[in-house]
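I have placed the structure first, in the form of structure tokens, so that the comments after it can refer back to it.
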Amino acid sequence: MDRLLTLLNENARLSVKQLAAMLEKTENEIEDEIAAYEKAGIIRGYKALINWEKVDKNKASALIELRVSPKRERGFDEIANKIMQFEEVESVYLMSGGYDLAVKVHGKSMQDIAMFVMRRLSTLDSVLSTATHFILTRYKDGNVILNTEDEKDERRSVLCD
């Protein structure tokens, strides 16, 4: 795997100067490599990993398993493209195993997500069945630990006492 891509994946805020020093290359070489990766579609964007639980208490997320009927000649791509268009949808993955697609969604509440699944997702022609799994706590995301021991969530201690 390319070391530049690995470094950017770990911390996209590293400067070109820092990357050049770490990789023993010139800044121009790093800029050219990054530009080439962007042009080739290898680097698709840059994103901060936010611990939304600390910012927005009115945000819910879920993983939804979908069994779908693929279209002849178009396979799963057509239904995946339809699902990707919903603003609630963060990620869509083709899966092996007991279901076909995994969809990560977000909403203001669990009820909002349930209504999205009921009214918009499950009504799509190719969707045979859904199974919704609400994300209650994210401990680690994008290889980053989100809640450490010294940041204990007081809501959990009330439930456990």
Side-chain angles (χ1 to χ4, degrees), residues 1-14 32-148 151-156 158-160:
M1 183 182 216
D2 187 295
R3 183 81 175 121
L4 175 58
L5 292 175
T6 301
L7 289 170
L8 287 172
N9 188 55
E10 290 171 2
N11 184 356
R13 292 191 69 191
L14 289 170
D32 291 345
E33 285 183 48
I34 291 172
Y37 285 139
E38 290 171 345
K39 185 177 180 179
I42 294 169
I43 295 177
R44 303 295 295 186
Y46 301 87
K47 187 175 179 178
L49 180 60
I50 311 294
N51 187 349
W52 289 109
E53 293 172 4
K54 290 186 171 282
V55 178
D56 189 353
K57 302 299 181 196
N58 296 318
K59 187 170 179 131
S61 299
L63 294 172
I64 302 168
E65 299 173 356
L66 294 176
R67 286 189 57 235
V68 299
S69 177
K71 299 286 186 188
R72 179 168 286 199
E73 304 295 323
R74 291 172 269 173
F76 295 98
D77 294 344
E78 182 177 302
I79 187 66
N81 284 325
K82 284 182 185 177
I83 293 168
M84 288 188 304
Q85 303 309 310
F86 293 120
E87 71 178 54
E88 296 88 346
V89 173
E90 181 179 313
S91 306
V92 179
Y93 306 100
L94 179 62
M95 304 297 292
S96 64
Y99 57 96
D100 303 306
L101 297 175
V103 180
K104 185 174 179 187
V105 300
H106 63 271
K108 291 182 180 174
S109 66
M110 289 183 187
Q111 184 176 4
D112 281 350
I113 292 172
M115 295 310 260
F116 165 73
V117 173
M118 182 177 75
R119 292 191 174 142
R120 299 178 76 195
L121 197 57
S122 65
T123 61
L124 294 172
D125 287 338
S126 296
V127 174
L128 302 174
S129 67
T130 66
T132 302
H133 307 276
F134 289 102
I135 298 170
L136 303 178
T137 299
R138 293 182 315 150
Y139 294 103
K140 186 175 182 178
D141 196 354
N143 214 26
V144 174
I145 295 172
L146 298 175
N147 295 312
T148 59
E151 297 174 335
K152 186 176 179 186
D153 187 344
E154 293 303 318
R155 294 174 296 178
R156 271 192 223 101
V158 171
L159 294 174
C160 296

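This chain uses plain numbering: 1 for the first residue, then up along the sequence. Predicted model, so just to flag it, every value in this text is computed and none were measured.
- Screening residues 88-98 for salt bridge (Lys or Arg N to Asp or Glu O under 4.0 Å) gives Glu88-Arg120, Glu90-Lys104 as the qualifying pairs, with residues at least two apart or on separate chains.
- With rounding to the nearest 0.5 angstrom, the CD1 atom of Ile113 is 12.5 Å from the NZ atom of Lys108.
- Under the ring pair (Phe, Tyr, Trp, His ring centres under 6.0 Å) criterion, no residue pair touches residues 64-83, with sequence neighbours excluded.
- Distance check: Arg67 CZ to Thr130 OG1 gives 11.0 Å after rounding to the nearest 0.5 Å.
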key: Pair Tyr37-Leu8, side-chain contact (heavy atoms from CB on, under 4.5 Å): steps then yes or no   = CA-CA 11 Å; Tyr37 285 139; Leu8 287 172; 5.8 Å; no
Worked check of side-chain contact (heavy atoms from CB on, under 4.5 Å) between Asp77 and Lys71 = CA-CA 9 Å; Asp77 294 344; Lys71 299 286 186 188; over 6 Å; no
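- Rounding to the nearest 0.5 angstrom, the gap separating the OH atom in Tyr99 from the CG atom in Leu94 is 10.5 Å.
- The shortest non-hydrogen separation linking Val92 to Ala80 is CG1-CB, 4.2 Å.
- Nearest heavy-atom pair across Leu121 and Ile83 is CD1-CG1, 3.9 Å.
- When all heavy atoms of Leu101 and Ile79 are compared, the closest pair comes out as CD1-CG2, 4.0 Å.
- More than 12 heavy atoms of other residues, nucleotides or ligands lie within 6.0 Å of CG in Asn11, so this atom counts as buried by the packing criterion.
- Across all their heavy atoms, Ile50 and Val55 have their closest contact at CG2-CG2, 4.4 Å.
- The two residues Ala60 and Ser109 make their nearest non-hydrogen contact at CB-C, 3.5 Å.
- In this structure, Leu49 places its CG atom where more than 12 heavy-atom neighbours from other residues, nucleotides or ligands lie under 6.0 Å away.
- Here Arg3 contributes atom CZ and Thr6 contributes atom OG1; the two are 6.5 Å apart, rounded to the nearest 0.5 Å.
- To the nearest 0.5 Å, the span separating NE2 on His106 from CD1 on Ile135 amounts to 11.5 Å.
- Between Leu136 and Met110, the shortest heavy-atom contact is CD2-CE, 3.6 Å.
- With hydrogens and angles disregarded, a donor-acceptor distance shorter than 3.5 Å links the side chain of Ser122 to the backbone of Val117.
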task = May I have the step-by-step check of side-chain contact (heavy atoms from CB on, under 4.5 Å) for Ile43 and Glu33, ending in yes or no?
result = CA-CA 11 Å; Ile43 295 177; Glu33 285 183 48; over 6 Å; no
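- No more than 12 heavy atoms of other residues, nucleotides or ligands shown are found within 6.0 angstrom of OH on Tyr93.
- Partners of Phe86 under the ring pair (Phe, Tyr, Trp, His ring centres under 6.0 Å) rule, at least two apart in sequence or in another chain, are Phe116.
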